[in-house]
Amino acid sequence: MQAALAITAAQYLRLVWRTSSFVTEPADIYERVTPDLPFILAMWHGQHFLIPFIKRPQHRAKVLISRHRDGELNARIAQRLGIETIRGSGHLGTGFVEKGGVSAFRQMLAALEQGYSIALTADVPKISRVAGIGIIKLASASGRPIYPLAIATRHRIELNTWDRTSVHLPFTSGAGVVGQPVRVPPDAASNVVESSRLALQASLDGATARAYAIADRS
């Protein structure tokens with residue numbers, strides 16, 4: 001059943017992408033990020049469906065997906081769309097190890113060292129639009145910058161879920177907006193980690209607001 005759903009979902013997302021037009025901000029973002037490859041791509045939960053399509057053929061990328069039951073379907077969809085996966089998720093409490101956080105963190109570090117960019121959600125499960133420290137720790141340990149990204153479409157269905165999931169509809173227009181990158185020094189002290197976390201949260205919020213303003217033509 002999950003395999004069939006993954007095939008259907010992947011085909012649907014291809015339809016959305018191929019029948020829609022997008023504005024990109026900044027317009028020269030691909031040229032801007034080239035010197036920073038590989039990098040860490042951050043997004044909010046619920047805004048991830050079209051992320052696989054922004055990868056250029058020459059880019060190498062992996063995405064972090066949770067070990068939860070819903071994560072299994074997302075992983076199958078990502079693989080159908082040509083994106084390799086790392087399984088695990090963040091957590092604010094003692095569930096970090098049980099959720100595969102330690103193993104996933106090591107795999108992401110290794111992938112970055114091998115030249116893969118890593119895409120992951122900045123907010124931890126069930127706490128929407130509040131950036132966690134895991135992604136900041138990853139940037140500090142790897143020395144790679146974080147680029148915040150938001151994608152919005154004019155025609156969409158917004159679900160009443162904790163992460164405000166937005167289901168994109170085909171034959172629409174939209175925007176992909178990249179916010180100010182966040183660079184975290186190695187061995188960052190706790191106050192630097194917190195200031196970087198807040199900077200990432202603000203940059204993601206700004207990119208999200210701008211993407212929806214463009215998509216809704218406001």
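For residues 37-60, no pair satisfies salt bridge (charged side-chain N to carboxylate O under 4.0 Å, His left out), with sequence neighbours left out.
From I86, atom CD1 reaches atom NZ of K62 across 5.5 Å, with rounding to the nearest 0.5 Å. Distance check: L13 CG to W17 CH2 gives 11.0 Å after rounding to the nearest 0.5 Å. To the nearest 0.5 angstrom, I127 atom CD1 is 12.5 Å from D163 atom CG. Separating the CD1 atom in I77 from the CD1 atom in I83 is a distance of 13.0 Å, to the nearest 0.5 Å. How far OG1 of T34 is from NE2 of H59: 5.5 Å, rounded to the nearest 0.5 Å. Separating the CD1 atom in I146 from the CD atom in Q180 is a distance of 13.5 Å, to the nearest 0.5 Å.
Y30 and Y147 fall within a single hydrophobic cluster, where Ile, Leu, Val, Met, Phe, Trp and Tyr side chains are chained together by heavy-atom contacts under 4.5 Å. M1 and I7 are members of different hydrophobic clusters when ILVMFWY side chains are connected at heavy-atom separations under 4.5 Å. The cluster map of Ile, Leu, Val, Met, Phe, Trp and Tyr, joined by side-chain heavy atoms under 4.5 Å apart, puts Y116 and L138 in different clusters. If you chain together hydrophobic residues whose side chains sit under 4.5 Å apart, I51 and L15 never meet in one group.
Using modelled atom types, one side-chain atom of T8 and one backbone atom of A4 make a donor-acceptor pair closer than 3.5 Å. A donor-acceptor distance shorter than 3.5 angstrom exists from the side chain of R144 to the backbone of D36, with no hydrogens or angles considered. In this structure, the side chain of S173 does not engage the main chain of S21 through any donor-acceptor pair within 3.5 Å. The backbone N or O of V167 sits nowhere less than 3.5 Å from a side-chain atom of R156 that would complete a donor-acceptor pair. The backbone N or O of S20 sits nowhere less than 3.5 Å from a side-chain atom of T172 that would complete a donor-acceptor pair.
Between T19 and F171, the closest heavy-atom pair is OG1-N, 2.9 Å. Heavy atoms only, all atoms of each residue included: M108 and L120 are closest at SD-CD1, 4.4 Å. When every heavy atom of T85 is checked against every heavy atom of A78, the shortest pair comes out as CG2-CB, 4.0 Å. Across A211 and A175, no two heavy atoms sit closer than the pair O-CB, 3.8 Å. Annotation for A122 and L200: closest pair CB-CD2, 4.1 Å, computed over non-hydrogen atoms. When all heavy atoms of F22 and L50 are compared, the pair lying nearest together is CZ-CD1, 3.8 Å.
Counting only heavy atoms from C-beta outward, the side chains of I40 and S142 approach each other to under 4.5 Å. Side-chain contact check for P38 versus I118: every heavy-atom pair is 4.5 Å or farther apart. At least one side-chain heavy atom of L169 sits under 4.5 Å from a side-chain heavy atom of I157. Proximity of P148 to W44: side-chain heavy atoms (C-beta onward) are nowhere separated by under 4.5 Å. No side-chain heavy atom of Q47 sits under 4.5 Å from any side-chain heavy atom of I151. Side-chain contact check for V178 versus R32: every heavy-atom pair is 4.5 Å or farther apart. Put simply, the side chain of N74 does not reach to within 4.5 Å of the side chain of V63, judged on heavy atoms. V192 has its side chain within reach of P185: a pair of non-hydrogen atoms, C-beta onward, lies under 4.5 Å apart.
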Yes or no on side chain to side chain contact (heavy atoms under 4.5 Å, CB included) for F53 and V16, after CA distance, side-chain angles and deciding distance? CA-CA 11 Å; F53 300 103; V16 172; over 6 Å; no
Begin with the C-alpha distance, continue with both residues' side-chain angles, and end with the deciding distance and a verdict on side chain to side chain contact (heavy atoms under 4.5 Å, CB included) for D123 and L204. CA-CA 10 Å; D123 44 350; L204 262 173; over 6 Å; no
Might you work through the side chain to side chain contact (heavy atoms under 4.5 Å, CB included) test for V184 and R197, ending with a clear yes or no? CA-CA 9 Å; V184 188; R197 186 192 71 80; over 6 Å; no
Apply side chain to side chain contact (heavy atoms under 4.5 Å, CB included) to the pair R129 and R164, showing each step before the final yes or no. CA-CA 9 Å; R129 311 293 171 89; R164 313 179 210 176; 3.6 Å; yes
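Of the N and O atoms on the side chains of Q11 and R14, at least one donor lies less than 3.5 Å from an acceptor on the other residue.
Taking the six-membered ring for Trp and thresholds of 30 and 60 degrees, F49 and H168 have ring planes more than 60 degrees apart, a perpendicular arrangement.
Here the rule is side-chain contact (heavy atoms from CB on, under 4.5 Å) with S117, and of L37, L112, L41 only L37 fits it.
The neighbour count for E25 CD, taken as heavy atoms of other residues, nucleotides or ligands under 6.0 Å away, is above 12. Counted within 6.0 Å of CG on N191, heavy atoms from surrounding residues, nucleotides or ligands total more than 12; the atom is thus considered enclosed. Surrounding CZ of R80 are at most 12 heavy atoms belonging to other residues, nucleotides or ligands under 6.0 Å away.
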